[in-house]
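In what follows, a single structure is set out as structure tokens and then discussed.
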Amino acid sequence: MTRILPGVIAMAAIVVASNILVQHLFGQWLTWGAFTYPFAFLVTDVMNRVYGVKAARKVVFAGFVVGVICSLIGTQIMGEFGPLVTWRIAIGSGIAFLTAQMMDVAIFDRLRRGAWWRAPLASTLVGSSLDTALFFTIAFSSQLVFLEPANDVSWANEVLPLLGVGPQVPLWVSLALADWMVKLSLALIALVPFRAIVTKLSPDVA
């Protein structure tokens, strides 16, 4: 456990920071949390490369537990329009995180013997896409209103041009697309620190 403690701490820090920063807008379609959360995949991939699948899963589970705690705390804090975190958001966040991170771990392990960049890039791209699709659909889609009938998500389903310029879609689709594009961009950028960290921690597997 001691050897993966830095990974656990890093994952916990990212999850906590993202839960706080998601409350603050960045432009019209994003929150500041969109720029911190994707680095959870970097932590998972580094742990997977250096210490293996079991260690990576332990780090993911630690992040999941921290995320659940943050969500539960958020449901008890009242903001201007109600709880900072609704139960739908809490459910969507937990399911999306655990599913996407475990998918990342599995894909990384499947591709770990290829070129050094292939496993982290492919696993993060798939994991990030799955994370975005699951979270925004569960948290905001009008089709899943039964998850929390008292929670009014009509604002997220207001039909507007996609990212302000495209076809007419529910607002949450634009939010999801913007979030997804940030994740994809950071997946490419994260290859640089991934290579550097892995080389420092375990040069023989870099």
Side-chain angles (χ1 to χ4, degrees), residues 1-19 22 33-74 85 89-139 179-180 182-184 186-206:
M1 182 65 182
T2 303
R3 65 176 184 169
I4 66 169
L5 186 59
V8 171
I9 294 173
M11 180 66 81
I14 290 170
V15 170
V16 171
S18 298
N19 273 272
V22 75
F35 298 94
T36 55
Y37 177 77
F39 287 100
F41 291 97
L42 171 62
V43 174
T44 301
D45 290 347
V46 169
M47 292 295 104
N48 204 339
R49 172 62 78 188
V50 177
Y51 301 116
V53 173
K54 291 183 179 180
R57 286 175 180 155
K58 289 179 181 178
V59 171
V60 167
F61 184 70
F64 173 72
V65 171
V66 172
V68 169
I69 293 172
C70 287
S71 292
L72 292 177
I73 292 173
V85 178
I89 288 177
I91 293 170
S93 177
I95 291 175
F97 178 87
L98 194 59
T99 305
Q101 290 289 331
M102 288 303 185
M103 178 64 74
D104 179 283
V105 171
I107 292 175
F108 189 105
D109 188 54
R110 189 71 178 268
L111 301 176
R112 69 187 313 125
R113 292 179 180 82
W116 72 267
W117 54 267
R118 191 196 311 177
L121 182 60
S123 61
T124 299
L125 290 179
V126 174
S128 295
S129 299
L130 184 59
D131 182 273
T132 297
L134 285 173
F135 172 73
F136 282 93
T137 301
I138 294 171
D179 179 83
W180 181 65
V182 170
K183 285 190 174 91
L184 296 191
L186 290 178
L188 294 171
I189 295 172
L191 288 175
V192 176
F194 171 84
R195 181 67 167 174
I197 295 170
V198 170
T199 299
K200 182 175 180 59
L201 293 179
S202 188
D204 56 315
V205 299

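Side chains are part of it too, since the values below use all heavy atoms of this structure and drop only hydrogens, waters and symmetry mates.
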Quick one, Gln101 with Met11, criterion side chain to side chain contact (heavy atoms under 4.5 Å, CB included). Give me CA distance, side-chain angles, the key distance, then yes/no. CA-CA 11 Å; Gln101 290 289 331; Met11 180 66 81; 4.2 Å; yes
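For Ala62 against Val8, the heavy-atom pair with the smallest separation is CB-CG1, 3.8 Å. Here the closest non-hydrogen pair linking Ala56 and Val105 is CB-CG2, 4.0 Å. Taking all atoms of both residues into account, the shortest heavy-atom contact from Val43 to Gly7 is CG1-O, 3.5 Å. Between Pro38 and Lys183, the shortest heavy-atom distance links the atoms CG-CG, 3.8 Å. The shortest non-hydrogen separation linking Thr2 to Pro6 is O-CD, 3.8 Å. Residues Ala190 and Leu42 share a closest heavy-atom pair of O-CD1, 3.8 Å.
Open room surrounds CE on Met103; 12 or fewer heavy atoms of other groups in view lie less than 6.0 Å from it. At most 12 heavy atoms of other shown residues, nucleotides or ligands fall within 6.0 angstrom of atom CZ in Phe61.
The line from CG of Leu5 to NZ of Lys58 is 12.5 Å long, rounded to the nearest 0.5 Å. How far CZ of Phe64 is from CZ of Arg57: 15.5 Å, rounded to the nearest 0.5 Å. Here CG of Leu188 is found 6.5 Å from CG of Leu125. Values are rounded to the nearest 0.5 Å. Distance check: Phe41 CZ to Asn48 CG gives 13.0 Å after rounding to the nearest 0.5 Å. Distance check: Asp179 CG to Leu184 CG gives 9.5 Å after rounding to the nearest 0.5 Å. The structure places CZ of Arg118 at 12.0 Å from CZ of Phe108, a figure rounded to the nearest 0.5 Å.
For the pair Thr36 (side chain) and Gly33 (backbone), a donor-acceptor distance under 3.5 Å is present. Listed for the Asn19 side chain is a donor-acceptor partner under 3.5 Å among the backbone atoms of Val15.
Between Asp45 and Arg49 no salt bridge is recorded (no basic side-chain N to carboxylate O distance below 4.0 Å).
Using a 4.5 Å heavy-atom cutoff, the side chains of Ser71 and Ile89 are not in contact. At least one side-chain heavy atom of Val53 sits less than 4.5 Å from a side-chain heavy atom of Arg112. Residues Leu111 and Ser123 have side chains not in contact (no heavy-atom distance under 4.5 Å, counting atoms from C-beta outward).
Under the 30°/60° scheme for interplanar angles, the aromatic rings of Trp116 and Phe194 are found to lie parallel.
There is no side-chain donor-acceptor pair under 3.5 Å between Thr44 and Asp104. Using modelled atom types, one finds no donor on one side chain facing an acceptor on the other under 3.5 Å when comparing Ser128 with Trp180. For the 3.5 Å distance criterion, the side chains of Asp131 and Tyr37 qualify, holding a donor opposite an acceptor.
Residue Phe136 forms a side chain to side chain contact (heavy atoms under 4.5 Å, CB included) with just one option from Ile138, Thr132, Leu134, and that option is Thr132.
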